[in-house]
Amino acid sequence: MRIYTESMEETLRARKFLKQWADDGSLSKEQYQRLEQETVSDLRTTNIFLRLVLFFFTIIGVAAAAALFFTIFLSRPSDQTTGIFLLILAAVSYAAAEVAIAQARLYRYGIEEALAVCSVAFLCVGLYFALFSGVPYSSRQTEFVIPAVGAIASLWIWYRFNLWYAFPAAMIFAVFLPGYWTSSHTAQHLFIAALYTAGLICIAPIRSRHRFDYLEDAYSLSEAFLWLGIYLIFNLKILALSFPPHWWSHARPASEFAASFYWTTWVLIWCLPPLVLIRGVRQKDRFIIAVGAITSVLTLITNKPYLGWQRHTWDPMLLGITLTAVSLFLRRWLALGPDGVRHGFTAAHLSGKDKHTMSVGSAVLGLITPQSITPTPQATNPEFRFGGGESGGGGASGDF
Amino acid sequence: MTILARLELWKEQGAISTEQHTHLASLSRGEPFSLWLELNLLLYAGVLAFVAGLGWTISTWSQQLGDVVVLAILSIILTASFWYCFSRATAWSAAETAAPTPIFDYVLYLGSLVWCVELAYLEKRFHVLSGQWDLYLLATALLFFFLAYRFDNRFVLSLALSSLAGWFGLTISHLPRHQDAAYRQYALLYCLLIVTAGAILQRLKLKPHFLNTYLNVAANVLFWAILSGVFASQDYGLWLVGLLIACAASLVWGLRRRQFAFVAYAAIYGYVGISWMLLRDSSDEISTLFYFVLTAIGMIVMLFKIARRFGRAE
């Protein structure tokens, strides 16, 4: 069912490990060269930059080809005709993705990924035009077919091609499902949470069979997305993060939710992060630990809006001190263990990959930071107030 | 065959020693499991949240707190941060050096950000330089360059490059009429300056690993500036020539140095600029769509060839 066999995937995984170990100095150059010969793969791979660019141009090419086809061959087509041709294009795109892998032996090359993504897009839009657009008495209740098919198609792409981002795409499609059946926001949230929980229940036993093999990361990432999805569905104040603080201070318990549901979700947003963190730590799963950490921070940030309490300007400082203290405490606690290890965890970096990630990330984050926390240079406006910011600079340009 | 099975096989074949097998197998199983990256990200987020809150608090409560309290708090944090960095730093080396302590980089980052907040407060309250913000930015950029090179810190280097870019932007805003053309010229000057500086410093073997940061920032600023020239309603011919030269240079550099980000820059920025030029006056839908189909195929074929020849998986 999967397009890449276990042997192909494991060979590529072994090559990746070998390169990492050689870079770290765990293998000598001679050993690396010898072992690399034993992990030869006929699949074509490329680096992330060329992959992204190839993805971009394939999307442009496919979209333009589809538009050209409609412009040349179909003058003023009915919605149903458009829909049928879009469905045909979906099939063609999908077939092209399969052929690109089977014939050109592409693996994470951008081209086959873009074709697979286009097939899902064509399928959803095509279904809409073929079944619902322009139909006078189409029932809104049946339009759920579109996100349902989108979710199923995305899940298939995720499974068949092992493309990680198809899984969150399926989760996003699922978010739109209950809106077709009920106008109750509570019911919608509960339905989506139930769906994601069902996903978790399905994935948990499967992933335990793939410990240390090539599917471990795929299932781990999917589980992490599901945990994050459940949290985001239950955190009713997550949107408040993007609103100005004076809106939060007057925030009432959201009127569209029943009070019992509202306060249950408040309890849940406090219960979920430790639960996820414990699961991540027990599984030694990086993605789930990350979700546990992110959701913990989100809970701290949204707690006051939840309770209708006023936020203070020093709250971010307290958050910063908390995060720093947790980081320092954990680092110290781990370092004081025998050989710097406690319960199988260490604060030392064992792989050059982490260091490389951090050094590239630090350069990028360093460029972003001034824009996110410091004001815009405004030389000419005396009324300018400290805050905001968009044009860079080290921040020595603010106004109070 | 899983990686653990392969390691077992390689040990039996004698390709790796027993010690290597034990080490690599434990790495594959995540034993021990390193939280290094997560703890660093937590520290970064902590510093960022703290400084954001500090700036917000000061901007809101500066009247109530009073200048002395605000400046005292900021100065204490600033002094403590820089004291920590200068007292813990190892002897300077021109080569890449590791941070002496795990939190060193973040303390330096905190100090740098607090410096920005304090400087902004000083100018707002006391008008020391009478609104000459560009001088503050220049001084800040110079300080950050010094700190970045002294402590081998990419975070602060990025802040320095960002401050310098801000200085160029502010300088032009002092001109009586700011026009896009003037901004573009300053952007080009900025790129020229940082590329030259980066190249000279690399040639002098002064933190040569910083060159990539310089080049990535310069490439993006350069392409944005050129593209804005190409998009301009007049005098765009010269900018198109500039775009072609920049794309060629970026492509050659990317392929020679195996820095595929530069290949991506050349492909994307070049495609956008040339497409804009060619389609600027096009009103025919079919020919426009034909253009996109053919050029996308052309780009895919070209990039496919490049990927086959140069761009193996990272």
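Letters A, B, ... are given to chains in the order of the sequence lines, protein chains preceding strands, and every chain is numbered from 1.
- Side-chain N or O atoms of Thr346(A) include one that pairs as donor or acceptor with a backbone N or O of Gly340(A) at under 3.5 Å.
- Side-chain polar atoms of Asp105(B) and Tyr44(B) form no donor-acceptor pair below 3.5 angstrom.
- For chain B, the nearby part of Ile289(A) is the side chain; its heavy atoms alone come within less than 4.5 Å.
- Only the side chain of Ile111(A) has a heavy atom closer than 4.5 Å to any heavy atom of chain B.
- Of the listed residues (Leu43(B), Ile16(B), Leu37(B)), the one with the most heavy-atom contacts under 4.5 Å to chain A is Leu43(B).
- Looking at Phe56(A), the atoms closer than 4.5 Å to chain B (heavy atoms on both sides) all sit in the side chain, from C-beta outward.
- Listed by first then second residue, pairs satisfying side chain to side chain donor-acceptor pair (under 3.5 Å) with a partner in residues 281-294 of chain A read Arg207(A)-Asp285(A), Ser220(A)-Asp285(A), Arg286(A)-Glu38(B), not counting sequence neighbours.
- Neither the backbone nor the side chain of His343(A) has a heavy atom closer than 4.5 Å to any heavy atom of chain B.
- Here Pro32(B) is the residue among Ser17(B), Ala296(B), Ala141(B), Pro32(B) with the most heavy-atom pairs under 4.5 Å with chain A.
- Between the side chains of Arg6(B) and Thr11(A), a donor-acceptor pair is found at a separation under 3.5 Å.
- With Glu123(B) contributing its side chain and Leu119(B) its backbone, the two residues share no donor-acceptor pair below 3.5 Å.
- Exactly one residue among Phe210(B), Tyr109(B), Phe144(B) makes a ring pair (Phe, Tyr, Trp, His ring centres under 6.0 Å) with Phe155(B). That residue is Tyr109(B).
- Using a 4.5 Å cut-off between heavy atoms, Phe17(A) touches chain B through its side chain atoms alone.
- Interface summary for chain A: among Ala261(B), Ala267(B), Gly30(B), the most heavy-atom pairs under 4.5 angstrom belong to Ala261(B).
- Neither the backbone nor the side chain of Ile59(A) has a heavy atom closer than 4.5 Å to any heavy atom of chain B.
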Could you go step by step and tell me if Arg342(A) and Leu330(A) meet the side-chain contact (heavy atoms from CB on, under 4.5 Å) rule?
CA-CA 10 Å; Arg342(A) 274 189 200 260; Leu330(A) 279 176; over 6 Å; no

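- For the set Leu294(B), Ile268(B), Val47(B), the entry with the most heavy-atom pairs within less than 4.5 Å of chain A is Ile268(B).
- Contacts between Arg34(A) and chain B at a heavy-atom distance below 4.5 Å involve the side chain alone, from C-beta outward.
- Residue pairs that meet the side chain to side chain donor-acceptor pair (under 3.5 Å) test with at least one member in residues 291-302 of chain B, sequence neighbours left out, are Tyr271(B)-Thr295(B), Ser275(B)-Tyr291(B).
- For Trp21(A), the part sitting under 4.5 Å from any heavy atom of chain B is the side chain, from C-beta outward, and nothing else.
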